[in-house]
Asks: 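Structure below; questions to follow.
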Number of protein chains: 2
Amino acid sequence: MELQKLRYFYAVAKFQHMTKAAEYISIAQPALSQAIKSLENELQVELFVKKGRNIVLTEYGLYLKERLETILPEIDSIPAEIDKMKKRVSKTVKLNILAASAFVINAIVEYRKNHPDAVFDFEQNEQRTDCDIVISTNGLTHSSLVPSVNRCVKTERIYLAVPKNSSYSPMESIELRDVRDEEFVMLSNARLFGVICNEFCSKAGFYPKILFESDSPTAVQNIISTGTGVAFWPEYSWGELNNDNVVLLPVKTPVCSRELIIELYETLPRSEYAEDFYNFLLQQISDNE
Amino acid sequence: MELQKLRYFYAVAKFQHMTKAAEYISIAQPALSQAIKSLENELQVELFVKKGRNIVLTEYGLYLKERLETILPEIDSIPAEIDKMKKRVSKTVKLNILAASAFVINAIVEYRKNHPDAVFDFEQNEQRTDCDIVISTNGLTHSSLVPSVNRCVKTERIYLAVPKNSSYSPMESIELRDVRDEEFVMLSNARLFGVICNEFCSKAGFYPKILFESDSPTAVQNIISTGTGVAFWPEYSWGELNNDNVVLLPVKTPVCSRELIIELYETLPRSEYAEDFYNFLLQQISDNE
DNA sequence: AATACCGAAGTTTTTGCAATTCCATAGTAG
DNA sequence: CTACTATGGAATTGCAAAAACTTCGGTATT
């Protein structure tokens, strides 16, 4: 019961005519006769009977034809579907964003304005290695099996966000130890960022009092803007800060920054937009400076 | 996209392991590798990727596997279904009953008491030629393409049915012309039988007055039994007459009879019960005598 | 005479196997 | 902790068997 024979059979069943069917599928007529006979042999059933010098379907042949009526289109749709998938996949950029997710999300939104057919597969997974673009930081040990084809290390300054109505807001910059008694808002799930910030504080000689641990930069903004606390705010990672009630102050000492590592990989299948989006990301960072 | 390759692929997809799959489907591992590669080539897509020293499905492979999950069982069910059909068909006796249908129906009911799995395909169609058993009469021109393997011609006497309360009922037999003024009940749809009966009357020198034309022997019985008419009643064709209000009289002149021709054919596929039922039919006629 | 299916012989393509190679992991010793 | 070795597992190559096609000729139907 090979598929080809079933297709042959189906053609003959439709034409009810060997020669025409053979012509249709572009093989010699004896080959077709043989194929049908071998199929009949396999099923141990007559599929056609001679009627005059033509042939007609038997009860069994009719049944087989009806079954094939649904099965063959089903099978034929597979290559087409896979082709569609291929197209979609080639337009997909696989991202592994271990840091600076909000920044990348903004970049994606911006990028799609000019490339509306681009698709982004966005993950945060230290294990995953088969991505086009990985963004990590100096605290992370993301080890890919293959070397990146391009790699950019960007120093990201980390500001102190203070409420506008606080006494700090008019300052140009600040010493971190000056806010040692303030209450801090920290990101809970961005643990790595939390670790770094704690290190800053310990360099400044204090251990921060935690007012609130939140999941989202937005929540951090909201809490700061109530005037009840301060927070560290990374230059790029959380996107632009556009809240009139919060002010970002550079920290004089200690040096508050971290390294953003943006890597481009050659994946298979080749992603059409990967390299272009990589360059777009770097440009976005430059524009922010 | 041959079915075999798809099956091979499916095995590999299930095992996620070439060698094990090759063992499972009983071919050598290189053959399997080649088959998969050729499938990948046809679809222009990688179906597996190496992971360490094993292989795992790609996105495309996963999709193909899921599709096959429904398609393969669908195809595999076909031979089984055809086998079932074959069994059923072999137990079917194809009848073409151009005369004596009631008689045959009784025989079928009787026969199935001893052969409950026998199936009867009962038709009345002068065109149809691929039947196991054909019953016709001397007035019919049923011409099959092949000669019958067995043939039995039986003379069927045709009685005159009269009401029990009529003056004819005590007689042993009757001259047809004696009932020339009676009103007749004729079968309308059994046109051939009607023709014969009209011939009998014309031989007897009269044209019968028609009281009623009916479709069913039962209706004929009912009408006769009201005492309002007489009718011709074939010896076998309409089954036994068991009605206390009607009496069957042999007709002395003209000779009232017709020939029942019962033929057995060799059909393909071979019907298991055809010959046996043929003999049963003949025996039923003998028993009636 | 024309149409249409079937059969036989020869050729090409596909499929399968065996031996081998290549690669990645795991184990082991210095 | 590095390096050498063993092992598991897939890919490559070369060759044999089987399947599928083609051409040519045959036979039956109209």
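Each chain gets a letter, A, B and so on, in the order the sequences are listed, and its residues count up from 1.
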Asks: Suppose we screen for side chain to side chain contact (heavy atoms under 4.5 Å, CB included). Which residues come up paired with B/Ala107, at least two apart in sequence or across chains?
Replies: B/Phe277, B/Phe280, B/Leu281, B/Gln284
Asks: For each nucleotide in nucleotides 24-30 of chain D, reading 5' to 3', give B when a protein heavy atom comes within less than 4.0 Å of its base, S when such contact involves only the sugar-phosphate, and - otherwise.
Replies: B----BS
Asks: May I have all residue pairs that pass side chain to side chain donor-acceptor pair (under 3.5 Å) and include part of residues 10-21 of chain B, sequence neighbours excluded?
Replies: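 Matches after skipping sequence neighbours: B/Tyr10-B/Glu69.
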Asks: In chain order, what residues pass the ring-ring contact (aromatic ring centres under 6.0 Å, His included) check against A/Tyr63, with sequence neighbours excluded?
Replies: none
Asks: Can you name the ring-ring contact (aromatic ring centres under 6.0 Å, His included) partners of A/Tyr60, sequence neighbours left out?
Replies: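 Partners of A/Tyr60 by the ring-ring contact (aromatic ring centres under 6.0 Å, His included) criterion come out as none, since no residue qualifies.
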Asks: With sequence neighbours left out, what residues match A/Phe48 under ring-ring contact (aromatic ring centres under 6.0 Å, His included)?
Replies: A/Phe9
Asks: Output every pair passing ring pair (Phe, Tyr, Trp, His ring centres under 6.0 Å) with a member in residues 64-102 of chain A, not counting sequence neighbours, ordered by first then second residue.
Replies: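 Ring pair (Phe, Tyr, Trp, His ring centres under 6.0 Å) check on residues 64-102 of chain A returns no pairs.
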Asks: Could I get the full list of salt bridge (charged side-chain N to carboxylate O under 4.0 Å, His left out) partners for A/Asp121, not counting sequence neighbours?
Replies: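 For A/Asp121 the salt bridge (charged side-chain N to carboxylate O under 4.0 Å, His left out) partners, ignoring immediate neighbours, are A/Arg128.
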Asks: Identify all pairs in which a protein N or O lies below 3.5 Å from an N or O of nucleotides 19-21 of chain D, and state each distance.
Replies:
| residue | atom | partner | partner atom | Å |
| --- | --- | --- | --- | --- |
| D/dA20 | OP2 | A/Lys5 | NZ | 3.2 |
| D/dC21 | OP1 | A/Gln4 | OE1 | 3.3 |
| D/dC21 | OP1 | A/Gln4 | NE2 | 3.1 |
| D/dC21 | OP1 | A/Tyr8 | OH | 2.5 |

Asks: My understanding is that only residues two or more places apart in sequence, or in another chain, count here; which of them pass side chain to side chain contact (heavy atoms under 4.5 Å, CB included) with A/Val119?
Replies: A/Thr92
Asks: Rounded to whole Å, please give me the gap between CG in B/Asn54 and P in D/dG9.
Replies: 6 Å
Asks: Checking B/Lys65 now: which residues fulfil side chain to side chain donor-acceptor pair (under 3.5 Å) with it, not counting sequence neighbours?
Replies: none
Asks: Calculate the interatomic distance between B/Asn41 atom CG and D/dT12 atom C1'; express it in whole Å.
Replies: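 The distance from CG of B/Asn41 to C1' of D/dT12 comes to 15 Å, rounded to the nearest Å.
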Asks: For B/Phe103 and B/Tyr236, take the angle between the two ring planes, folded into 0 to 90°, and tell me which bin it lands in: parallel under 30, tilted 30 to 60, perpendicular over 60.
Replies: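 Answer is tilted, since the angle falls between 30° and 60°.
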Asks: Using a cut-off of less than 4.0 Å, is there contact between a side-chain N or O of B/Ser33 and OP1 or OP2 of D/dA11?
Replies: yes
Asks: On DNA chain C, reading 5' to 3', which nucleotide is the first and which the last to sit with an atom under 4.0 Å from a heavy atom of chain B, could you check?
Replies: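 Both ends considered, the range comes out as C/dT15 to C/dT25.
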